[in-house]
Amino acid sequence: MSADSSNLMEALVSLAKRRGFIYQSSEIYGGLNGFFDYGPLGVELKRNIRDCWWRDMVQRRDDIVGLETSIIMHPKVWEASGHVAGFTDPLVDCKVSKQRYRADQLFWAAVIIDGETDRQIVDSLTAKGRISPEVMARWLHLPRERTETVGTKEARENWVANRTMVYGFVSALESERTHTDLQEQAEAFKRKWGLQGTLRTVQPYDFTEAKEDEIPYIPSPATGLPGSLTPPRAFNMMFETNVGAMRDASSVAYLRPETAQGMFVDFKNVVDTTRVKLPFGLAQIGKSFRNEITPRNFIFRSREFEQMEMEYFIHPDADWLACHEEWLQWCQDWLKSIGLPASHLSLHEHPKEKLAFYSRRTVDIMFKYPFGVQELWGIAARSDYDLQQHQKCSGVPQVYFDEATKSKVVPHVIEPAVGVDRIFLAVLAAGYAVEDVKDEKGNVEQRTVLRLSPRLAPVKVAVLPLLKNKEQLTARARALHAKLRRRYAVQYDDGGAIGKRYRRQDEAGTPWCVTIDFETIEQPGDTFTLRERDSMQQRRITEAELFALLEEQVY
RNA sequence: GCGGCUGUAGUUUAGUGGUAAAACUCCGCUCUUCCAAAGCGGUAUCGACAGUUCGAUUCUGUCCAGCCGCACCA
């Protein structure tokens, strides 16, 4: 990341806090990594993003209906979707090579030799961190006694007498020749350290069976050297909770990691109780939760976030590729309609070999964030995988009756899924500008402005009496404010000089300010000054014209 | 999760082993006839917790949070 883009992010974070868009969660307690709060302006902007999407995606189309499903669902939903199985495996990191392994796929074995023992070699191995006396002690009695603890002096003398020793460990990844591999490594180990005696056939264990004090002596498959592997750690992407007062295994439930499954699970309900016909879509906006390993980049990747997802169900024989293309286009057009510049948007086609096995095609709409080009909106062709899975796991047919062919079909699905928070950050980043402005005397000053689309702006109009202490001005301004606020998010501001109030609104992204001045009350026509955020141009406007402007621009 | 760097008003920064300063913002008052005017007043347990010390915001450790890189992101 360049210094400039880093500064831009810092400026955005600072502005977001200063103006009440976004605060760090639980800040007075030191903050909580990966969680954020939306302040008074932030909550309006976020609501507008949701509302725009909902109106355009659901209310203004006749083939899509809405849904709001519960955040906590039956745990079997996540077994069916594959979220439980895919993410409960403990993982092992190699701190040196940065490789990450599944613990049950990483195998290791002790190098055990019967025969003469050279005390010097043992000391040398110990000094080089290949093995410790305590770990040696545990491996003396074979087969393994897992309850054995630290060896005593007598025990150690006993091993020498027995002349059966463990000299270290070898490791290998799971494959068809894991055992052979370990055996060969053990032989190489024996040669390397000049050990005499007979090498026992290696006995592989997987890494979940490694004891805490053995782990430091098991070499990393990446480097061949011990000391860099972490203990196996569970990376549960889903947040777990318990349903009901009693806390036991049967009460475990999860906070949803995506809103999509709610729509698949209610597919049959909607088909049976409403009059939808293929092709049709189910849309949902709601919070999702993922225990991301590294939340980063402000609200871009957080652990609690809000999704806007739509599942578009199509006939299995329909031209899914054409449908996929249509949605790809729709989503790009929508992003432009809320003010994201085309120059910041691009497409990323997931390569075939990286696709999830059930996906036929996935294309991401990327956005040029200050910290790089990142995924904004994923449009996936998910085939009929999810409905088939739920049909299988629930035993309830997930079918649609096709009147044309008089047959039951399981529809396929095209899924555009986007994060509200990611759009939030995108419009903030794209709209943020610091401009040089010349005042009357020609002095250059800086102006910070947030160029938000009027549809998204938290405040549509600020109503400003030119002066605070002139009753006629404030009375007229309050009357206008009262009338506007019935339909629009507006602000009344009489604090400080007029220029300061304009700039304050610029930072909040307010597209228009109207100023009630002396011309308003002294001249006929009841006109106000309308000041535009982006051009800073002023013109006179009547109340009727103002409402017409808002009707046109805010929808 | 690993490594490096960082943490002082709302924001951006100064500063010191002897309990802290500035600018802007914000709030209140006075004033103000169109682009951050002026004056006065107000706003900090110096990220948290331990330790060293007569005394720690300053030194040490742990934790938390942030930034950068790597890894991860079905």
Side-chain angles (χ1 to χ4, degrees), chain A residues 1-3 5-7 9-11 13-20 23-35 39 78 81-89 91-101 228-231 233 235 237-238 257-258 290-298 300-301 303 354-359 362 371 374-375 378 380 385 435 437-441 443 445-449 464-470 473 494-507 513-522 528-533 536-538:
Chain A
M1 188 187 287
S2 72
S5 58
S6 176
N7 291 343
M9 272 312 285
E10 281 172 30
V13 173
S14 168
L15 174 74
K17 174 159 191 190
R18 190 154 33 89
R19 289 297 172 190
Y23 310 119
Q24 190 184 19
S25 166
S26 317
E27 196 179 329
I28 63 169
Y29 289 103
L32 186 59
N33 189 261
F35 296 91
W78 308 109
S81 69
H83 286 82
V84 172
F87 289 90
T88 50
D89 300 312
L91 299 174
V92 177
D93 283 322
C94 170
K95 287 183 229 176
V96 172
S97 69
K98 311 293 186 194
Q99 294 294 305
R100 173 166 286 168
Y101 308 102
S228 66
L229 294 177
T230 65
R233 292 174 296 202
F235 284 79
M237 187 199 61
M238 286 195 290
E258 62 174 30
R290 290 182 199 180
N291 235 331
E292 299 283 2
I293 293 163
T294 312
R296 203 169 277 195
N297 288 327
F298 201 32
F300 180 80
R301 181 182 295 169
R303 290 184 165 136
K354 284 199 167 184
L355 285 178
F357 64 92
Y358 52 80
S359 176
T362 298
F371 44 84
Q374 296 282 340
E375 177 190 339
Y385 173 77
E435 299 179 335
V437 180
K438 276 189 186 162
D439 66 12
E440 290 165 341
K441 296 162 199 148
N443 299 322
E445 289 189 326
Q446 290 207 319
R447 176 175 90 118
T448 303
V449 58
L464 319 170
L466 183 59
L467 297 178
K468 182 185 188 177
N469 55 3
K470 293 288 186 292
L473 295 178
D494 61 9
I498 188 72
K500 185 177 232 170
R501 283 177 270 162
Y502 285 152
R503 298 298 177 81
R504 193 149 53 200
Q505 294 299 333
D506 286 342
E507 272 200 345
C513 294
V514 290
T515 301
I516 311 300
D517 48 30
F518 288 91
E519 201 176 323
T520 310
I521 52 176
E522 290 168 358
F528 339 110
T529 299
L530 178 83
R531 184 263 194 184
E532 288 182 350
R533 177 194 63 202
M536 296 170 67
Q537 298 283 309
Q538 300 186 1

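Order of the sequence lines fixes the chain letters, A, B, ..., with proteins taken first and strands second; residue numbering starts at 1 for each chain.
Residues A:Phe371 and A:Phe298 keep their aromatic ring centres 6.0 Å or farther apart.
Counting distance only, with no hydrogens placed and no angle test, the side-chain atoms of A:Arg447 and the base atoms of B:C35 include no donor-acceptor pair under 3.5 Å. In the interface, the side chain of A:Tyr29 is not paired with the base of B:C64 through any donor and acceptor atom under 3.5 Å apart.
Here B:C40 sits opposite B:G28 as a Watson-Crick or G-U wobble pair (both hydrogen-bonding atom distances under 3.5 Å). The partner of B:U12 is B:A22, by the rule that a Watson-Crick or G-U pair needs both atom distances under 3.5 Å. The partner of B:G69, taking Watson-Crick or G-U wobble pairs whose two distances both stay under 3.5 Å, is B:C2. Using Watson-Crick or G-U wobble geometry with both donor-acceptor distances under 3.5 Å, B:A50 finds its partner in B:U60.
Comparing B:A38 with B:A56, their P atoms sit 42 Å apart, to the nearest whole Å. Taking atom P on both nucleotides, B:A22 is separated from B:C40 by 13 Å, rounded to a whole Å. Comparing the P positions of B:C59 and B:G66 gives a spacing of 23 Å, expressed to the nearest Å. Using atom P as the reference point in both B:U13 and B:G17, the two lie 22 Å apart (nearest Å). Across B:C24 and B:G3, the matching C1' atoms stand 37 Å from one another, rounded to whole Å. If you take atom C1' in B:A23 and the same atom in B:A71, they sit 42 Å apart, rounded to whole Å. As rounded to the nearest Å, B:A65 and B:U25 have P atoms that lie 33 Å from one another. B:A20 and B:U16 have their P atoms separated by 15 Å, given to the nearest Å.
Separating the CD1 atom of A:Ile521 from the P atom of B:C34 is a distance of 14 Å, rounded to the nearest angstrom. Atom NE2 of A:His83 is separated from atom P of B:A74 by 9 Å (rounded to the nearest Å).
Not a single donor-acceptor pair under 3.5 Å links the side chain of A:Arg290 to the backbone N or O of A:Glu258. Looking at A:Arg504, its side chain does come within 3.5 Å of a backbone N or O of A:Gly495 through a donor-acceptor pair.
The residues A:Lys470 and A:Asp517 are annotated as not salt-bridged, no charged nitrogen and carboxylate oxygen being separated by less than 4.0 angstrom. Under a 4.0 Å N-O distance rule, the pair A:Arg533/A:Glu507 does not qualify as a salt bridge.
A:Asp506 comes within 4.0 angstrom of nothing in the nucleic acid, heavy atoms only. Residue contacts for A:Glu27: at a heavy-atom cut-off of 4.0 Å it reaches no nucleic acid atom on any strand shown. Among the heavy atoms of the strands, none lies under 4.0 Å from A:Lys470. Counting any heavy atom pair closer than 4.0 Å across all strands shown, A:Arg501 reaches no nucleic acid atom. Within the 4.0 angstrom heavy-atom criterion, no nucleotide atom of any strand lies near A:Glu519. Residue contacts shown for A:Thr515 include a base, since a base heavy atom lies under 4.0 Å away. Contacts of A:Gln374 with the nucleic acid, taken as non-hydrogen atoms under 4.0 Å apart, are absent. As judged by a 4.0 angstrom heavy-atom cut-off over every strand, A:Arg296 is placed among the base-contacting residues. If you check every strand for non-hydrogen atoms under 4.0 Å, A:Glu258 touches a base.
If you check the side chains of A:Tyr385 and A:Ser359, you find no donor sitting under 3.5 Å from an acceptor.
Ring-to-base geometry places A:Phe518 in a stacked arrangement with B:U33 (centre distance under 5.5 Å, plane angle under 30°).
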